[in-house]
Amino acid sequence: MLILLLLFTPFVCSCLMLASSSRDVNSSFRMGLLCTAMPFVLATALIFMGGQQTDSYQWFSFLGINVEFSLYGHGLSLWMAWLTALLCFLAFIYSKSALSLGIKKFAMGLLVLEGTIIGAFLSSQNLVQFLFFFEAMILPTAILIASYGGLKRMRAVITFSLYTLTGSIPLLAGAWYLMTMAGSDNIYALIETLKTLPFSTQTFLFIAFAIAFAVKTPMFPFHSWQGISYSEAPYPLSAILSGAMAKVGVFGFAAWVIPIFYEQVLVHGFYLIPFALFSALYGGILALRQTNAKRLLAFSSMSHLGLAIAGLFCLNEVVYAGVAVMLVGHGLTAGGLFFFSGIAQRWTGSTNIKHYGAFASTNPVFASVFGFLGIAAIAVPCTIGFVGEFLILQGLFNSGFAFFAVLGGICIVCSAAYMLRLMKNVLFGPVPENSSRSVSLSQFEAAAAVPIIVLILYFGLHPAPILNSFESREEMPALTEQELEKILESLFENIESSALAEEAIEETANDLEEIDDE
C-alpha cells in the first residue's frame, strides 16, 4: 500500500545514501534529490487517491497492554504528511547552494527526520506508535543542528533537547497510566476508559497531554527553546522545523487531546481559546522586537500556530478545515521565507535585517520573490493564508464570544506589522558598503521558490482540494476484522442470552398457566 511506502521510504532512502560517494558532491546531490523526491511523489499520489489507512495489527504486548500498529492518512494527517515531504524535498534542493560540504550526511539526517515527522502524522490511532515517532524526531534534529548549526549550536542542541524531553515526561506518564487502565493503546479504547475515571483524574491527564504538545508547537510559556534553536539551525533545517515539525504539536491537539479529552475541552474551552490567542499575540509582539531574521520568523511561526490552535478549540468542522488550510499555507510561506532569508545572509554575511537593505533596486528578482512571500505571510486575498485565517476568525466569532475574534484580528494586524517591517529592511533599506550585490539566484534556489509560489496562488484561488477532504472525513475509521469479530461475538452472546431469557419466560408462563388450571 502507498501509505506504508510513504512511511518507510525515507528511512530506506537514508540507508541507500550510504552507497553514494562522499567525495563526489554532485553524485551525492543527485542521489539525495532522488531520495527526497520519492516520498513527495508518494504523498502526492495519496492526495489524489483521497488517502489510505491500514488495518490494526498486533505489534506486541507488554504488562497487559496490547500495542497495535496501524496507519491513518486522511484529512489533516494526510495534508501534513504531504507538506512535510514537499518541504524536505525543497529544502534539499536549496541546500545545494546553502551547504558547501556534507551534502551526503545532511541528506541522511534530513530523510530520517522526514520519516519520523511523517510517521507521527500518520499515527493517529495507536498511542505507542505516535509516541515513538514523536520522541524519535528529537535525535536527527539535534544531530543536524550540531553538525551544520551556527556558533552557539551546542547550546541550541542542549536547550532544544532538554525542553522537548522534559515536556514529554508528563505525556509519557499520563499515556502509560491511561493505557494501563485500558489494556490497549488504541484511541477508542482510551476514550472509553477515560469516561470511567474521576473527573479530576481526567483533568490531570488532559494537562499532561496538553503540555507536551504546547512545548512542541511551541506555545507560551514553553517557547524559550524556539528562538535559539531556529536561529542556530541551518536555514534548510529551520524551514523544516517551522514548516513541518512545529505542526506535530498542533496535530497532537487535533488528533489526541480533543478526541480523548473532549469533555474537558468543552468545560475548559472558555479558557483554552483566549490562552491560545494570547500565545499568538505574544509571539507577534516578540517578532516585532526582533532584528535577527531567523528569530523574527521563529516567533512569527509561534504567532500563526497559536491562532491555529485557537481555531481547533472552536470544535467546528468548517473551522477545522480552515486550520488545515492555514497550516499548509504557513508551511509554504515560512519555508520560503527561511530559504530566502538564508540567501540574504549569504550575500550580506549577517542575520541582522538592518544590514540587508535595498534589494529592490540591486537585485529585483530576489526582491520580487521575497516580497511575494512576505505579502503571502500577511494573508492577503488570493493567497492560501487568507482562506485559512478567514475561516478561523469566522469560527472564533461564532463561538459565542466576539471578543475572541477581535483578539484574532489583532494577532493578524501584528503579523502584518512585523512582516512589513521585515520587507522594508530587506528590500528598501540603505545599501551596506561591504555587501556584495553582484551575485544572483542560483538555479537551485530558483527551483525551490517556483513550486512554493505556484502552490500559494493555486490554493489561495482554489482551496477546494483541502476543504473537500474534510467534508467526507470519517469521524471513526473503518473497523478492522478483529474489531468486527469482537462485535459479532458480543452480538451472538447477547442473542444467546436473549434466547435463554425467552425460554425462561415461556417456561414460567407455562407454569403459571398450569397453576391457574389447578
Side-chain angles (χ1 to χ4, degrees), residues 1-11 46 51-81 84 114-138 168-197 202 205-206 208-210 212-213 216 245 247-262 473-487:
M1 298 178 68
L2 284 181
I3 194 169
L4 285 171
L5 290 176
L6 176 59
L7 174 63
F8 292 111
T9 296
F11 299 107
L46 281 175
Q52 282 185 357
Q53 66 187 75
T54 66
D55 294 333
S56 293
Y57 299 98
Q58 187 72 23
W59 193 2
F60 62 90
S61 296
F62 182 72
L63 296 179
I65 302 175
N66 293 322
V67 179
E68 299 176 344
F69 177 85
S70 65
L71 298 176
Y72 183 81
H74 293 281
L76 184 63
S77 61
L78 180 58
W79 282 103
M80 292 299 98
T84 302
E114 177 183 6
T116 56
I117 297 175
I118 290 177
F121 284 134
L122 299 181
S123 303
S124 60
Q125 305 300 311
N126 300 107
L127 186 54
V128 171
Q129 177 185 330
F130 174 80
L131 292 176
F132 172 79
F133 290 113
F134 186 76
E135 300 301 329
M137 67 181 68
I138 298 175
S168 297
I169 291 176
L171 170 62
L172 296 175
W176 177 259
Y177 174 79
L178 190 56
M179 288 188 296
T180 302
M181 299 297 294
S184 173
D185 73 329
N186 185 274
I187 186 172
Y188 304 108
L190 300 180
I191 292 173
E192 294 301 322
T193 301
L194 188 74
K195 297 178 181 178
T196 64
L197 301 178
Q202 297 181 29
L205 292 174
F206 165 72
F209 276 65
F213 300 132
K216 184 71 75 175
M245 196 179 79
K247 308 296 190 298
V248 177
V250 182
F251 179 78
F253 282 103
W256 293 100
V257 172
I258 293 178
I260 296 178
F261 304 98
Y262 189 78
R473 186 175 67 90
E474 298 177 355
E475 295 295 334
M476 300 289 181
L479 295 174
T480 63
E481 293 181 2
Q482 296 88 343
E483 292 170 335
L484 286 173
E485 289 178 359
K486 292 179 182 179
I487 294 174

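By convention here, the first residue in the shown sequence is residue 1. Everything numeric in this text was worked out from a predicted model, so none of it was measured.
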Handout entry: Over 12 foreign heavy atoms within 6.0 Å of CZ, Phe11
Key = yes

Practice task
List in chain and number order the residues that pass side-chain contact (heavy atoms from CB on, under 4.5 Å) with Phe62, two or more places apart in sequence or in another chain; answer none if no residue qualifies.
Solution key: Phe60, Trp176

Practice task
Would you indicate whether the side-chain heavy atoms of Trp59 and Glu68 approach each other to under 4.5 Å?
Solution key: no

Practice task
With rounding to the nearest 0.5 Å, note down the distance linking OG in Ser123 to OH in Tyr72.
Solution key: 13.5 Å

Problem - side chain to side chain contact (heavy atoms under 4.5 Å, CB included) evaluation trace for Ser124 with Phe251 - result: CA-CA 9 Å; Ser124 60; Phe251 179 78; 4.0 Å; yes

Problem - Exam field: side chain Gln202 to backbone Phe261, donor-acceptor pair closer than 3.5 Å - result: no

Practice task
Applying side chain to side chain donor-acceptor pair (under 3.5 Å), name anything that partners Trp79, two or more places apart in sequence or on another chain.
Solution key: Ser469

Practice task
Decide yes or no for Lys216 and Met137: does some side-chain heavy atom of the first lie under 4.5 Å from some side-chain heavy atom of the second?
Solution key: yes

Practice task
Report yes if the side chains of Leu127 and Leu178 come closer than 4.5 Å at any heavy-atom pair, otherwise no.
Solution key: no

Practice task
Could you grab the distance from atom OG of Ser77 to atom CZ of Phe121, nearest 0.5 Å is fine?
Solution key: 9.0 Å

Problem - Phe209 vs Trp256, ring pair (Phe, Tyr, Trp, His ring centres under 6.0 Å): CA-CA, chis, key distance, verdict - result: CA-CA 8 Å; Phe209 276 65; Trp256 293 100; 7.6 Å; no

Exercise for the section: For the residue pair Ile187 and Asn126, establish whether any side-chain heavy-atom pair is separated by less than 4.5 Å. Expected result: no

Exercise for the section: Apply side chain to side chain donor-acceptor pair (under 3.5 Å) to Gln52 and list each qualifying residue two or more places apart in sequence or on a separate chain. Expected result: none

Fill in the blank from the handout: Residue set satisfying side chain to side chain donor-acceptor pair (under 3.5 Å) with Ser184, at least two apart, ordered chain then number -> none

Problem - Over all atoms of both residues, closest heavy-atom pair of Leu6 and Ala81 - result: CD2-CB, 4.4 Å

Completion exercise
Sorted by chain and number, sequence neighbours left out, side-chain contact (heavy atoms from CB on, under 4.5 Å) with Glu135 holds for Ile138, Leu165, Ser168

Problem - Worked verdict on Leu122 versus Ile118 for side chain to side chain contact (heavy atoms under 4.5 Å, CB included) - result: CA-CA 6 Å; Leu122 299 181; Ile118 290 177; 3.8 Å; yes

Exercise for the section: Measure the shortest side-chain to side-chain distance between Ser61 and Val67 over non-hydrogen atoms and say whether it is less than 4.5 angstrom. Expected result: no

Handout entry: Phe134 ring center within less than 6.0 Å of Phe213 ring center
Key = yes

Practice task
Keeping to residues at least two apart or across chains, list the salt bridge (Lys or Arg N to Asp or Glu O under 4.0 Å) pairs with something in residues 178-193.
Solution key: Glu192-Lys195

Practice task
Starting from the C-alpha separation in whole Å, work towards a yes-or-no answer on side chain to side chain contact (heavy atoms under 4.5 Å, CB included) for Leu190 and Thr193.
Solution key: CA-CA 5 Å; Leu190 300 180; Thr193 301; 5.7 Å; no

Practice task
For the residue pair Leu172 and Leu131, establish whether any side-chain heavy-atom pair is separated by less than 4.5 Å.
Solution key: yes

Handout entry: Closest approach of Leu197 to Met181 (non-hydrogen atoms, all atoms of both residues)
Key = CD2-CE, 3.9 Å

Handout entry: Spatial distance of atom CG (Leu71) from atom OG1 (Thr54) [nearest 0.5 Å]
Key = 4.5 Å

Problem - Chi angles and distances behind the side chain to side chain contact (heavy atoms under 4.5 Å, CB included) call for Asn186, Asn66 - result: CA-CA 9 Å; Asn186 185 274; Asn66 293 322; over 6 Å; no

